[in-house]
Amino acid sequence: MVRHFLSDLDLSVAEHTRLLTRAAEMKAKPKDFRTALGGKILAMIFHKSSTRTRVSFEAGIIQLGGQAIVLSAKDLQLGRGEPITDTGAVLSRYIDGIMIRTYAHDDVVALAKASHVPIINGLDDLLHPCQTLADMLTIIENRGTVKDQQLVYVGDGNNVAHSLMLGGARNGMHVRIVAPEGHQPSPTIFAQAKKEAAATSARIEVTADLAGVEGADAVYTDVWASMGQEAEAEERKRIFAKYQVTAALMKRAKPDAIFLHCLPAHRGEEVAAEVIDGPQSRVFDEAENRLHTQKALLELLMRD
Ligand code: CP
Ligand code: NVA
């Protein structure tokens, strides 16, 4: 049966462990995997901008011996109203996998239902599961494990926060979201994460109180206005102003806490320059790890 990666919960704990181990092997010895996906073609559909996702997937499949076709949604008939289900049915007759970055999570689910090849969620308004894979590898590199690590996410409780909650809960990582009222995570995702956490003893918490940073092994933030929310950017700057990750806020975390950000970042908004450019920051390792974790994901989903 064709496997998809639409949500962090599409991989079991054992698969997460294997994938992250494989990603570390691929990072250490990239030349050993040059033919892992020989002849395979990945299509990538973008309704939103991307630097890391686009380049790491394209470079990744090339490094595994395959090729990528990058498709801007506006150049496809999709942009003129062709149903996403027809697009999926047709593309899956030409290629071996599809990565999509779009708005509605339901569109990603609909595409998967119509596709005979694996669909990968490269970010939608609800989730960013590929990002969480890279975040977990980065935490493992710095702390040895994600199990029982305390990640504190400060900022907007949307796609990146949701995936951290689900992926964290599944893998036994404690995730606390510190977000202002009105911008806290979806109750549905919170309930899903709590259910997962019951099996792994992860603690999943949501608060508006910045004291939530205390005890953090990793402090994480993301932009205040996500793609599609540009019109609200000024209002959001006011709402989130006291949630900036500053050096003073980092001092409330553990002394050896690392700082993570999915990027792109806005210095002086969600994070102070001295934090993201400072010694606790691991943001460029984290960005690099998109490549390695996605190569392991492509291998898991697309290998014969
Ligand atoms: N973090 C991330 O997904 O970056 P891009 O938007 O550049 O792909
Ligand atoms: N929350 C951000 C993440 C970008 C990688 C957005 O959706 O724009």
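Ligands are counted one by one from 1 in listed order, and the atoms in each one are counted from 1 as well.
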Ion pair check, Arg238 and Glu235, cut-off under 4.0 Å
no
Ring pair (Phe, Tyr, Trp, His ring centres under 6.0 Å) pairs, two or more places apart, involving residues 54-88
none
Might you point out which heavy atoms bring Ala36 and Glu299 nearest each other, and give the distance in Å?
CB-OE2, 4.1 Å
Only pairs at least two apart or in different chains count here, so list each ring pair (Phe, Tyr, Trp, His ring centres under 6.0 Å) that has a residue in residues 176-222.
Tyr153-Tyr220, His183-Phe240
Could you establish whether Asp125 and ligand 2 come within less than 4.0 Å of each other, counting only heavy atoms on the residue side?
no
Identify, by atom number and element, the atoms of ligand 2 in contact range of Met227, meaning under 4.0 Å from any of its heavy atoms.
6 (C), 7 (O), 8 (O)
Is it the case that Glu141 and Asn289 place a side-chain donor and acceptor less than 3.5 Å from each other?
yes
Is there any N or O on Asp222 that sits under 3.5 Å from an N or O of ligand 2?
yes
Looking only at non-hydrogen atoms, find the nearest pair between Asp10 and His4 and report the distance.
CB-O, 3.5 Å
How does Leu123 reach ligand 2, if at all, at less than 4.0 Å between non-hydrogen atoms: by side chain, backbone, both, or neither?
side chain
Looking at Leu263, which atoms of ligand 2 are within less than 4.0 Å of one of its heavy atoms?
5 (C)
Can you confirm, on distance only, whether ligand 2 has an N/O atom lying under 3.5 Å from any N/O atom belonging to Asn159?
yes
Side-chain donor-acceptor pair under 3.5 Å between His105 and Asp124, yes or no?
yes
Pairs meeting criterion salt bridge (Lys or Arg N to Asp or Glu O under 4.0 Å) with involvement of residues 185-197, two or more places apart:
Arg170-Glu196
For ligand 1, give me the residues whose heavy-atom distance to it is below 4.0 Å, by chain and number please.
Ser50, Thr51, Arg52, Thr53, Arg101, His128, Gln131, Cys262, Leu263, Arg290
Please name the pair of heavy atoms, one in Leu42 and one in Ile61, separated by the smallest distance, quoted to 0.1 Å.
CB-CD1, 3.8 Å
Check: His128 N/O within less than 3.5 Å of ligand 2 N/O:
no
Measuring from atom OG1 of Thr293 to atom CD of Glu288, what distance do you get when rounded to the nearest 0.5 angstrom?
10.0 Å
Decide whether an N or O pair under 3.5 Å exists between Val160 and ligand 2.
no
